[in-house]
Amino acid sequence: MLTKRPPDIKGSEITDEGFYMNRRQFIATTLAITGFASTLSSTSDAGEKLPTIKRGLSLQVVSRGGFSTDEKPTSYKDATSYNNFYEFSTSKEGIAELARSLRTRPWTVTVEGHVKRPKVYDIDELLRMFPLEERVYRFRCVEGWSAVIPWVGFPLGEFIKRCEPLSSAKYVEFITLHRPDEMPGQKTNVLEWPYLEGLRMDEATHPLTLMAVGMYGEVLPNQNGAPLRLVVPWKYGFKNTKSIVRIRFVEDMPVTAWMKASPKEYGFYANVNPHVHHPRWSQAKERRLGELSKRDTLLFNGYGEEVGHLYTGMDLKRFF
Amino acid sequence: MNLVKSAAFIALLLPLVWLVCQALTTGLGANPVEKVIHTTGDWALNILLITLSITPLKRIIRWKGLLNLRRMVGLYAFFYATLHLMSYIGLDQSFSWEAIMEDVIKHNRIWVGLTAYILLIPLAVTSTNRMVQRLGIRRWKALHNLIYLTTAGGVIHYLLLVKRDMRRPMVYASILIVLLGYRLVVRRFNQR
């Protein structure tokens, strides 16, 4: 559901869980009915389009999802003005302005590969498919800076269930849009385009892994990977694919964009680890955006309890 | 002449003034420490290259007054390089000598950058007229050829630290190569 931008909601104003659960069921039912009705109309020959969700519009967040940290979120200003999005530029502060050229409608997400239900989804279909949760996650860039972001989205695992992957599907690939006339950085060779990233199946279906459609209670700004991006909080930022157009289920470990660019420096797993350093800089510490002093980096970005078991017995230095 | 020198003095101070103004008003963005380190480093390199282009420029437009300017510009490069090093030590590493030692030993870009800075120190110290007299013009000139090594060190430091986009450091490298090339050609020409 969409409303005009409301005043910021204080934590104290968040209603208690009991009320939310009932409201969630009600909204889910309403959305299901609306979604069904929309499907009917969208298949009509009259060519009725699904109503689009515009940038800056607030999202109806149904619940504050689990795994949220109590740490203070990074300011909206910092989170939306300091971005790595090489599709536009390698200069972090120029992205917000350049990303205005990105057209996020019409937008489709193609699910393909080793699945029972390959399909081309319209983004507005995806936005209505699941009740939206807010998850306040830590974010850690491989460069050594970090943030705390209140993402809005749905668990990737839930979406994968709908896709019905075959047993041969061992990995999931995520592919970003390739549109050089809107994304000027794609005219350069800084990375191979379109941007490709991937996760092991168990990482993709882990409850922490989020398909984000918003942040700070609003639709994702272009510079943060509108209209759909991946959030895997225990891995370095470059694994969090932005502006996704394709989700492909594959048998073999994908060779990602950064692995191709610099295989000795960027690996497939890219788990946040203060003991496994980048060849050219240390990963022992990080600087939180908006803060002056550095802080210690946490193994798995502090999500070790939730994801450690995925890597038992794995040599984290070898599989970096 | 005094007017040109005064104008240059003010112009070369502007990058720092701008940085301070931003810090006090709009702020330095989401990563202020990075902003300070990058800005001071950029300007150290920019001004080193400007210093290196003064003698070739003097040959072309034949104005000896430029040499007077060269000392001030060179010292400004040392000034920004010092600010850059201080920002690294104080803002980035919070004066932790342990962390700095580790960084110097383990990471090439750090010891290369530090070496480039250390090479600047004798140049700054011997920049006075007195020093030129004490050393004698030939030895002084020989010592001050170090500026090419220092600038190369700065450029390599930059090349080693960029994540992936080498374009800007390569531009600096190209300018340095052209300036060095010009000097070598002139030297060859004079020896004939």
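In what follows, chains are A, B, ... by sequence order, proteins preceding strands, each numbered from 1.
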Derivation of the salt bridge (charged side-chain N to carboxylate O under 4.0 Å, His left out) call for R164(B) and E265(A): CA-CA 11 Å; R164(B) 179 77 183 145; E265(A) 297 182 333; over 6 Å; no
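- With sequence neighbours excluded, the residues forming a salt bridge (Lys or Arg N to Asp or Glu O under 4.0 Å) with R248(A) are E112(A), E173(A), listed by chain and number.
- Only the side chain of N84(A) has a heavy atom closer than 4.5 Å to any heavy atom of chain B.
- Of the atoms belonging to L161(B), it is backbone heavy atoms, and not side-chain ones, that fall under 4.5 Å from chain A.
- More than 12 heavy atoms of other residues, nucleotides or ligands shown are found within 6.0 angstrom of CD on E71(A).
- N189(A) CG: 12 or fewer foreign heavy atoms inside a 6.0 Å radius.
- Around the CG atom of D70(A), the shell of radius 6.0 Å holds no more than 12 heavy atoms that belong to other residues, nucleotides or ligands.
- Side-chain N or O atoms of R280(A) include none that pairs as donor or acceptor with a backbone N or O of H107(B) at under 3.5 Å.
- If you measure heavy-atom distances from D103(B) to chain A, you find no contacts under 4.5 Å at all.
- Heavy atoms closer than 4.5 Å to chain B are found in the side chain of T188(A), but not in its backbone.
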Worked verdict on T90(A) versus R167(B) for side-chain contact (heavy atoms from CB on, under 4.5 Å): CA-CA 10 Å; T90(A) 56; R167(B) 288 175 298 175; 3.9 Å; yes
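- To the nearest 0.5 Å, atom OH of residue Y86(A) and atom CG of residue D165(B) are 7.0 Å apart.
- The part of E34(B) that comes within reach of chain A is its side chain, from C-beta onward, which places non-hydrogen atoms under 4.5 angstrom from that chain.
- Contact residues of residues 284-294 of chain A toward chain B are R287(A), L289(A), G290(A), L292(A), K294(A) (heavy-atom distance under 4.5 Å).
- Counted within 6.0 Å of CE on M170(B), heavy atoms from surrounding residues, nucleotides or ligands total 12 or fewer; the atom is thus considered open.
- In this structure, CH2 on W281(A) lies 7.5 Å from CZ on R109(B), to the nearest 0.5 angstrom.
- Cation-pi geometry between K163(B) and W258(A) is met: the NZ or CZ atom falls under 6.0 Å from the ring centre, inside 45° of the normal.
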